[in-house]
Amino acid sequence: MSTPNTPETRPVSELVGTSTGESWLARYSNSLMGVFGTPQRVLVRGQGCHVWDADGKQYLDLLGGIAVNALGHAHPFVTSVISSQLATLGHVSNFFTSPTQVALAEKLLELAHAPAGSKVFFANSGTEANEAAFKLARRNSVRGDGTRRTKIVALEGAFHGRTMGALALTAKKAYREPFAPLPAGVVHIPFGDLDALRAEVDDTTQALFLEPIQGEAGVVPLPDGYLAEARRITRDAGALLIVDEVQTGVGRTGEWFAIGDSGVVPDAISLAKGLGGGFPIGALITFGPENSALLSAGQHGTTFGGNPVATAAALATLHAIESQGVLANVRAVGEHVRSALAKLPEVAEVRGRGLLIGFDLAGPGGDTAAVPDGANLAAAVVEAGLEAGFIVNAPGPRTIRLAPPLILTADQADTFIAALPQLVSRAAAALNSQQEDS
Ligand SMILES: *Cc1c(COP(=O)(O)O)cnc(C)c1O
């Protein structure tokens, strides 16, 4: 018999069995809700920047679980910290706290250079971090002069999550409209347009929500100077500036936070994706005592949020990023990838910072006319990439997004850059033959 804290090691395959990708996918479609469409592959194992599918094929993971696997897969330090925390104390509810929860909150406040009186709320995902932010914004309803605030401003192209509050902040109609009515009062203004911001943010505004770089929109950074001006406008109006760093935070851009070098102090930052190095956790950091007191005892909560294992995973992730020179790697490899992509005729435009990179495809050899009108070239490149052993993502019909592990090497990146011209040719050929068939 095993004693507590020395669990038997049993491979998960003993619980679920092994099978082919095709057979798992057939079972998937019979048992999983169809909201994600058909999964691209069935993945069974990961190591560093690589993953393997159920049929044994290897892939270079240039998406990192959508900016989540900051340290790649099966990072030994993160794995050992998670395992040892789980074997010690896994969950306690928020009637209790634990050392890892407190230490992680302190660490995030330090990394964010948050002023005295700043605080952290832990959630389990990005959308939940933004739900907390939404409720924070709602509490900014009455200020000293008695003005009633009811409006929240967000940007066109914004993605803030899929739960009802975060969905109200998200711009895309196809995501929103099936679920009307959404929480009221959210206005979307044109992206990057400071005049629209000046016109919309007033003394009825509770908050402005911004992503420093819109990831889901295809890696689109805010124009230079926009953030600082948004800070000035929101401060003058008494509105909160809430920065969604769910995708851009935790070293993704080569800084701990994408707004890091802007000098802007926001009222709140939401985090999730990379924070737990693959383990689910979200966080909302509120800046200063006034903002941190907007949500008072009993006004918000979560059962799992900030549990010992999730907070240990995040502490381990932050520690590894800090002690292993990861931010410098992100800056160097990111710069290398962007400049190499910009030289390819197949690439029309490159955007992003650090290892959050978006690029627009021209066509094979730069020939845009070689792609059928209205065809989804980016989706076809994703498929060609999978066949060649690369995982990338297509946030738009002409746009590829890379959000690889932050430990990606230049040599690993170069294998993809060398393959890209061929992937674009194969994708265009596949689209043309599909068109002939139909
Ligand atoms: C992914 C994402 C979210 C939602 O996070 P989930 O963990 O999927 O709920 C919110 N905001 C941004 C900017 C994101 O990229």
Side-chain angles (χ1 to χ4, degrees), residues 33 35-37 63-70 121-137 152-172 175-176 179 182-183 186 188 191 207-222 227 230 241-253 255-259 266 268-285 302 304-307 310 313-314 317 351-358 393-396 399 401-404 406:
M33 208 178 277
V35 292
F36 299 108
L63 185 57
I66 318 185
V68 167
N69 299 299
F121 173 81
F122 287 120
N124 310 290
S125 65
T127 202
E128 282 175 83
N130 285 331
E131 287 298 320
F134 197 115
K135 288 175 77 171
L136 188 85
I152 294 177
V153 179
L155 301 196
E156 284 172 10
F159 183 83
H160 296 292
R162 301 287 206 145
T163 53
M164 294 301 266
L167 186 57
L169 302 168
T170 291
K172 197 169 174 174
Y175 293 171
R176 303 162 50 88
F179 305 102
L182 293 169
V186 181
H188 288 93
F191 178 84
L208 167 68
F209 278 78
L210 292 179
E211 298 156 84
I213 302 171
Q214 290 189 338
E216 301 304 304
V219 188
V220 185
L222 287 174
L227 190 68
L241 174 63
I242 300 178
V243 180
D244 180 344
E245 293 237 28
V246 167
Q247 187 156 163
T248 54
V250 199
R252 177 57 47 194
T253 63
E255 308 281 338
W256 283 109
F257 301 92
I259 64 164
I269 291 179
S270 54
L271 294 174
K273 291 198 165 91
L275 180 56
F279 204 90
I281 182 169
L284 181 70
I285 306 174
T302 160
F304 290 121
N307 92 29
T317 302
R351 295 178 298 273
R353 247 200 297 158
L355 285 173
L356 180 57
I357 298 173
N393 163 254
T399 305
R401 169 175 49 176
L402 309 179
L406 307 181

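These numbers come from the heavy atoms of this one structure, side chains and all, not from hydrogens, waters or symmetry mates. Read the numbers this way: they start at 1 and go in the same order the structure lists the ligands and their atoms.
- Scanning both residues, Ile281 and Ala310, for their nearest heavy atoms gives CD1-O, 3.7 Å.
- One distance of note links OG1 of Thr248 with CD of Glu255; it measures 11.5 Å at 0.5 Å rounding.
- Summary of contacts: the protein heavy atom closest to atom 7 (O) of ligand 1 is Gly126 N, 2.8 Å.
- Sorted by first and then second residue, the pairs that involve residues 209-222 and meet salt bridge (Lys or Arg N to Asp or Glu O under 4.0 Å), not counting sequence neighbours, are Glu216-Arg401.
- Interface of Lys273 with ligand 1, defined as ligand atoms under 4.0 Å from a residue heavy atom, comprises 1 (C), 2 (C), 3 (C), 14 (C), 15 (O).
- Aromatic ring pairs are classed by plane angle as parallel below 30°, tilted from 30° to 60° and perpendicular above 60°; the pair Tyr175 and Phe159 is perpendicular.
- Taking every heavy atom of Glu211 and a limit of under 4.0 angstrom, the matching atoms of ligand 1 come to 13 (C).
- The residue Thr163 has no part lying near ligand 1, judged by heavy-atom distances below 4.0 Å.
- Between Val219 and Leu356, the shortest heavy-atom distance links the atoms CG1-O, 3.6 Å.
- When each atom of ligand 1 is checked for a heavy atom of Asp244 under 4.0 Å away, the hits are 10 (C), 11 (N), 12 (C), 13 (C).
- Taking every heavy atom of Thr127 and a limit of under 4.0 angstrom, the matching atoms of ligand 1 come to 4 (C), 5 (O), 6 (P), 9 (O).
- Looking at ligand 1, you'll find an N or O of Phe159 within less than 3.5 Å of one of its N or O atoms.
- Proximity of atom 5 (O) of ligand 1 to the protein is indicated by at least one non-hydrogen atom lying closer than 4.0 angstrom.
- Proximity to Asn130 (heavy-atom distance under 4.0 Å) selects the following atoms of ligand 1: 10 (C), 11 (N).
- Across all their heavy atoms, Leu275 and Ala283 have their closest contact at CD2-CB, 4.0 Å.
- Every residue meeting the side-chain hydrogen bond (donor to acceptor under 3.5 Å, both in side chains) condition with Glu131, not counting sequence neighbours, appears here in chain and number order: Thr163.
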